[in-house]
S.K.: 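Mind looking over this structure? Questions follow.
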Amino acid sequence: MKKALIVSNSSGLITLFLKNDVEILKSKGYHIECACNANFPDNNTEEFFREYNITVFHIEFPIRNIDIKQLVKSHLKLKKIITSGKYDLIHCHSTIAAVLARECAKGIRKRGTKIVYTSHGFPFYEGNDGKKARIFYQIERHYSKYTDAILTICKEDFENAKKMKCRNVFLMHGVGVDIDRFINSHIDRAAYREKLGFLSSDKVILSVGELNTNKNHQIVIRALAELKDRNLIYAICGREVTEKGKMQELQLLADFLNVRLKFLGFRKDIPEVCRSVEIGALPSYKEGLGLSGIEMLACGIPLVGSCRQGIKDYVIEGVTGFLANPNDAHSFAKAIDSAMNLKKNNETSENCVLMAKHFGVEQACSTLLKAYDTVL
């Protein structure tokens, strides 16, 4: 039987975002193994691996900070797995894990193993020209020559990847959102808002995602403090995963600035929550695409988003929302005010849904199949 290895910085990334990869490889007759940091699972991780009969190797890839000792340990363990595994295909994800995988696979690639890399957001991007970004660009460029196909999930990364040394570069508009699930969600809005603890007079801004520094929730809190409208409330669906204490930090900031902040926790009713709010917010410093933004668009609500990477692919000024500087609270305050007014436009909801349809599961599977067929 043919064998494939999926390499990722976390087990949660695999079960949250790589179901298409797994099912396509299974349909092509591959037995799948995974090398990932199992310390960061999603709620259904163990069930997912059992369902697809996936062998898992735990490697403590660094997640947030680059720890040299941990990198060396991860490299040695991954090298042993790759050298002895006799894999026909290695598909790597996330920057650090993908660099280590391609370094470890140099030898077996010469013997025919194919290497595919999905970038979930290059660590260099427009708006980030710091020393670290320049170093990562050179690293990504170097390892691109040891890659048979690169998949990117936003236009900016696609253009950057085409300038590298890999011959096969594909643009996949994210891993695919189940658009129909969001479009067809229906609720008694007043009742659901009451259930979530919102008042009828509340104007709710929603963010969905992990509570961490990169998601930059604090800029929305600072923007609301500037707007000084007590009907505005910032709701966040998400939990702490890689950074403990972030919830308390955000709450302390909101209390200090007299901003209404509500944590809704980890949710399985995201479509219904989206239907209950006025606008969505994606204030991230870095965002390869931002699936939660597309999910909110599919529910017909406009967005305020950082002028970064994938967010720019679907937040169209004055049509589906407004872009803002993630380092500037005043910029976000203006965008929030404009998006609230845009919400009142009768065409806005339809424009948002039409945009979301470009990012469905079908296009993701089609692009992934094309990439596999090209290299295999």
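Hydrogens, waters and symmetry mates are skipped; everything else that's a heavy atom, side chains included, is used. Computed from a prediction, not measured in an experiment: that's the story for all the values here.
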S.K.: Could you measure the distance from the CZ atom of Arg267 to the SG atom of Cys274? Nearest 0.5 Å is fine.
M.R.: 11.0 Å
S.K.: Could you give the distance from NZ (Lys357) to CG (Asp180), rounded to the nearest 0.5 Å?
M.R.: 8.0 Å
S.K.: Do Arg102's NZ or CZ and the ring of Tyr117 fall within the cation-pi criteria of under 6.0 Å and 45°?
M.R.: yes
S.K.: Side chains of Lys26 and Asn53, heavy atoms from C-beta outward: is any pair under 4.5 Å?
M.R.: yes
S.K.: Could you please spell out the steps behind the side chain to side chain donor-acceptor pair (under 3.5 Å) verdict for Tyr146 and Glu103?
M.R.: CA-CA 8 Å; Tyr146 303 111; Glu103 174 64 32; over 6 Å; no
S.K.: With a 3.5 Å distance limit and no angle check, can you tell me whether Arg239 reaches the backbone of Phe266 through a side-chain donor-acceptor pair?
M.R.: no
S.K.: Checking Asp313 side chain against Lys155 main chain: does a donor-acceptor pair fall under 3.5 Å?
M.R.: yes
S.K.: Using the rule given for side chain to side chain donor-acceptor pair (under 3.5 Å), can you reason through Thr242 versus Glu210, listing the C-alpha separation, both sets of side-chain angles and the distance that settles it, and then say yes or no?
M.R.: CA-CA 8 Å; Thr242 59; Glu210 181 187 342; 2.6 Å; yes
S.K.: May I ask you to check whether over 12 heavy atoms, not counting those of Glu350, lie within 6.0 Å of atom CD?
M.R.: no
S.K.: Would you indicate whether the side-chain heavy atoms of Lys246 and Glu243 approach each other to under 4.5 Å?
M.R.: yes
S.K.: Counting N and O atoms only, with roles assigned by atom type, does the side chain of Arg50 sit under 3.5 Å from a partner on the main chain of Thr45, one being a donor and the other an acceptor?
M.R.: no
S.K.: Other residues, nucleotides and ligands only: do more than 12 of their heavy atoms fall within 6.0 Å of CD on Glu23?
M.R.: yes
S.K.: Surrounding CD of Glu126 (heavy atoms of other residues, nucleotides or ligands, distance under 6.0 Å), is the total greater than 12?
M.R.: no
S.K.: Only pairs at least two apart or in different chains count here, so list each side chain to side chain donor-acceptor pair (under 3.5 Å) that has a residue in residues 365-376.
M.R.: Lys28-Asp373, His91-Tyr372
S.K.: Rounded at 0.5 Å granularity, tell me how far CG in Asn39 sits from OG in Ser10.
M.R.: 10.5 Å
S.K.: Kindly check if the number of other-residue, nucleotide or ligand heavy atoms within 6.0 Å of CD (Glu159) is above 12?
M.R.: yes
S.K.: Does one hydrophobic cluster hold both Tyr137 and Phe122, with members joined at side-chain heavy-atom distances below 4.5 Å?
M.R.: yes
S.K.: Regarding Arg222 and Gln218, is there a side-chain donor-to-acceptor distance under 3.5 Å anywhere?
M.R.: yes
S.K.: Quick check on the hydrophobic clustering: are Leu100 and Phe57 connected, directly or via other members, by side-chain heavy-atom contacts under 4.5 Å?
M.R.: yes
S.K.: Are Val116 and Ile153 linked, directly or through intermediate hydrophobic residues, by side-chain heavy-atom contacts shorter than 4.5 Å (ILVMFWY only)?
M.R.: yes
S.K.: Taking transitive links into account, so neighbours of neighbours count too, which hydrophobic residues share a cluster with Leu227 at under 4.5 Å side-chain distance?
M.R.: Ile205, Leu211, Ile219, Val220, Ile221, Leu224, Leu232, Tyr234, Ile236, Met247, Leu250, Leu253, Phe256, Leu257, Val259, Leu261, Phe263, Ile279, Val304, Phe332, Ile336, Met340
S.K.: Regarding Arg109 and Asp148, does a basic nitrogen lie under 4.0 Å from an acidic carboxylate oxygen?
M.R.: yes
S.K.: For the residue pair Pro271 and Arg181, establish whether any side-chain heavy-atom pair is separated by less than 4.5 Å.
M.R.: yes
S.K.: Return yes when atom NZ of Lys79 has more than 12 non-hydrogen atoms of other residues, nucleotides or ligands closer than 6.0 Å, and no otherwise.
M.R.: yes
S.K.: Please examine the side chains of Cys104 and Leu78, heavy atoms only from C-beta on, and report whether any two atoms are closer than 4.5 Å.
M.R.: yes
S.K.: Output yes when a side-chain donor or acceptor of Glu278 lies under 3.5 Å from a complementary backbone atom of Lys343, and no otherwise.
M.R.: no
S.K.: Consider only side-chain N and O atoms of Tyr125 and Asp157, and report whether a donor and an acceptor are under 3.5 Å apart.
M.R.: no
S.K.: Are the side chain of Ser306 and the backbone N or O of Ser284 linked by a donor-acceptor pair below 3.5 Å?
M.R.: yes
S.K.: For Val169, does its backbone N or O pair with a side-chain atom of Lys162 as donor and acceptor, under 3.5 Å?
M.R.: no
S.K.: With no hydrogens and no angle check, is any side-chain donor or acceptor of Arg275 less than 3.5 Å from a backbone partner on Phe182?
M.R.: yes
S.K.: Do the side-chain N and O atoms of Asn216 and Tyr285 include a donor-acceptor pair separated by under 3.5 angstrom?
M.R.: yes
S.K.: For residues Ile59 and Ile81, determine if any side-chain heavy atom of one lies less than 4.5 Å from a side-chain heavy atom of the other.
M.R.: yes
S.K.: Step through the shown structure and confirm whether more than 12 heavy atoms of other residues, nucleotides or ligands are within 6.0 Å of NZ on Lys106.
M.R.: yes
S.K.: Apply ring-ring contact (aromatic ring centres under 6.0 Å, His included) to Phe48 and list each qualifying residue two or more places apart in sequence or on a separate chain.
M.R.: Tyr52
S.K.: Could you tell me whether a side-chain N or O of Ser74 sits under 3.5 Å from a main-chain N or O of Glu60, the two making a donor and an acceptor?
M.R.: yes
S.K.: Grouping I, L, V, M, F, W and Y whenever their side-chain heavy atoms are under 4.5 Å apart, do Ile179 and Val175 come out in a common cluster?
M.R.: yes
S.K.: For atom NZ of Lys2, decide whether the heavy atoms of other residues, nucleotides or ligands shown that lie under 6.0 angstrom number more than 12.
M.R.: yes
S.K.: Is it the case that over 12 heavy atoms from other parts of the model lie below 6.0 angstrom from the CD atom of Gln248?
M.R.: no
S.K.: Is there side-chain contact between Asp88 and Tyr30, with heavy atoms separated by less than 4.5 Å?
M.R.: yes
S.K.: Output yes when a side-chain donor or acceptor of Asp202 lies under 3.5 Å from a complementary backbone atom of Leu199, and no otherwise.
M.R.: yes
S.K.: Under the rule for ring-ring contact (aromatic ring centres under 6.0 Å, His included), what residues qualify as partners of His173, not counting sequence neighbours?
M.R.: Phe359
S.K.: Walk me through it: do His358 and Gln363 pass the test side chain to side chain donor-acceptor pair (under 3.5 Å)?
M.R.: CA-CA 8 Å; His358 293 289; Gln363 63 80 28; over 6 Å; no
S.K.: Below 4.5 Å, heavy atoms only, C-beta onward: do Leu282 and Leu303 meet side chain to side chain?
M.R.: yes
S.K.: Does the Asn20 side chain pair with the main chain of Gly176, one donor and one acceptor, at a distance under 3.5 Å?
M.R.: no
S.K.: Show your reasoning for whether side chain to side chain donor-acceptor pair (under 3.5 Å) applies to Ser207 and Lys215.
M.R.: CA-CA 9 Å; Ser207 286; Lys215 294 301 183 183; over 6 Å; no
S.K.: Please output the side-chain donor-acceptor pairs of residues 288-298 that fall under 3.5 Å, not counting sequence neighbours, one pair per line with the distance.
M.R.:
residue : atom : partner : partner atom : Å
Ser292  : OG   : Val208  : O            : 3.2

S.K.: Salt bridge check, Asp67 against Lys69: does any charged N sit closer than 4.0 Å to a carboxylate O?
M.R.: no
S.K.: Hey, what else clusters with Met1 if you join Ile, Leu, Val, Met, Phe, Trp, Tyr whenever side-chain heavy atoms sit under 4.5 Å?
M.R.: none
S.K.: Linking I/L/V/M/F/W/Y whenever any side-chain heavy atoms sit under 4.5 Å apart, do Ile311 and Val319 land together?
M.R.: yes
